[in-house]
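Read through the structure below, which is laid out as structure tokens, and then see the notes.
First the proteins, then the strands, lettered A, B, ... as listed; each starts at 1. Just the heavy atoms: all of them, side chains too, but no hydrogens, waters or symmetry mates, feed the values below.
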There are 2 protein chains.
Amino acid sequence: MSTPQARRGNTRQRIQDVALELFSAQGYDKTSLREIAEKLEVTKAALYYHFKTKEDIVISLFQDLAGPIDDLIAWAQTQPRTLETKKELIRRYSESLRAGEPLFRFMQENQPAVRDLSIGESFKARMLTLFGLLKEPDAELTDQVRCITALFSMHAGMFAMQNLEGDPEEKRKAILEVATELVTAANPPNRRPARPDSAQTASP
Amino acid sequence: MSTPQARRGNTRQRIQDVALELFSAQGYDKTSLREIAEKLEVTKAALYYHFKTKEDIVISLFQDLAGPIDDLIAWAQTQPRTLETKKELIRRYSESLRAGEPLFRFMQENQPAVRDLSIGESFKARMLTLFGLLKEPDAELTDQVRCITALFSMHAGMFAMQNLEGDPEEKRKAILEVATELVTAANPPNRRPARPDSAQTASP
DNA sequence: GTCTATATGGCGATAGAC
DNA sequence: GTCTATCGCCATATAGAC
């Protein structure tokens, strides 16, 4: 719409951008609202016009991430539970991570801060859903570990492998490859050979 | 015996214990010295007698962890760089992690706090050394990812897999198994068959 | 929609008595 | 070795003018 100062009606967006940048660079607790405001060349009070609390800023950030993941989960639930589906699932997940990398890193590195921000539970729930979609219902413990490791290594790739040399896109591909391998190993084709209800409809 | 305040001399140790417990439960920033003191039924000033700053408490905790890891690194460096050595290396590492689990979880979950606590670098350096011991000198990117994932999954096991049902010791074994698998895959016996100096003595 | 000014409170840290 | 008391700082958050 038309604001008195036509140049900015995007202040809310700019707050989110700067906040995410600072949060993920120095941590949630170490970043004060004063710092965010200064970087934006506004005052603290201006922030409070757009967001009720500091927490609200994080929550708003998280919601941008939750959407794509929910879509991904919804998609996977319409597919047959085949190995092909699972491979495609983590491929798409890897794609999502590329977009939301800073936010993911932030969530990973600031677990204590995120935990009691009420979104912690909701984030964890999504991870468990993904996990449930990757593993076989009666999977052995080692296979469950494989699936969790696959998911986790994709998150970890964002920061644990920053010191590896190489093109970021190359790294992402390498991580995806290893994750795919883990999921494949966790879903042996000859585990339960006779089971009529899950029809294999893989069509490459 | 005698007075309620008779068992003294171990105050420093008790501070470390309570601090680690609270730090890893609620995070470094969210844990105040007042809280630690109250739980110990002493005053803040008492803490300052034993530790110069809040940071010093963390540093002292970290040093307890660093010793065993340094020993492990030193041991590995005396061994031939065979796959067997690498497998034994992560087996022993898994052992070390069992002992220092809360501390490891703390370091993993409080990266922003730890980062500029000056021990962050030293911790990272040790991880890189372990990584260097696991991977082949000219390993491909995917093999490097495998090695990092192996290391990382052992750390991650401490908190990412807490909601998996099952005996903790069983879980540790499962994680170790997957990690071993990853390292094995990253060290193919037939990659560079002709190379005189690194005698492969794997015998399955 | 953004500002100035201020309220309120917890934090880490220190001084000095016992 | 532990206490009481207090300092100085910066945090989040609010009130009200423009």
Phosphate oxygens OP1/OP2 of [N]: is one of them under 4.0 Å from a side-chain N or O of [X]?
| X | N | result |
| --- | --- | --- |
| A/Thr43 | C/dC3 | yes |
| A/Ser32 | D/dC10 | no |
| B/Arg34 | C/dG10 | no |
| B/Tyr49 | D/dT2 | no |

Heavy-atom pair with the smallest gap, counting every atom of A/Leu22 and A/Lys39
CD2-NZ, 4.2 Å
Let me know, please, whether A/Lys30 or A/Lys52 comes out on the 5' side of the other along DNA chain D by nearest nucleotide.
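By nearest-heavy-atom nucleotide position, the 5'-most residue is A/Lys30.
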Is NZ or CZ of B/Lys54 both nearer than 6.0 Å to the six-membered ring centre of B/Phe23 and within 45° of the ring axis?
no
What's the [atom1]-[atom2] distance between [X] and [N], to the nearest Å?
| X | N | atom1 | atom2 | result |
| --- | --- | --- | --- | --- |
| A/Glu38 | D/dC10 | CD | C1' | 12 Å |
| B/Ile57 | C/dA13 | CD1 | P | 9 Å |
| A/Tyr48 | D/dA15 | OH | P | 13 Å |
| A/Lys44 | D/dC10 | NZ | C1' | 8 Å |
| A/Glu35 | D/dT12 | CD | P | 10 Å |
| B/Asp29 | D/dC10 | CG | P | 16 Å |
| A/Arg12 | C/dT2 | CZ | P | 13 Å |
| B/Lys54 | C/dT14 | NZ | C1' | 18 Å |

Charged N to carboxylate O below 4.0 Å: is that the case for B/Arg34 and B/Glu38?
yes
Ion pair B/Glu169/B/Arg172, N-O distance below 4.0 Å:
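Salt bridge: yes.
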Look at the side chain of A/Thr11 and decide which nucleotide, out of C/dT2, D/dA11, C/dA13, has an atom nearest to it.
C/dT2
DNA chain C: A/Ala46 or B/Ala45, which has the more 5' nearest nucleotide?
A/Ala46
Centroid-centroid under 6.0 Å between B/Phe123 and B/Phe104 rings:
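Yes: the rings meet the under 6.0 Å criterion.
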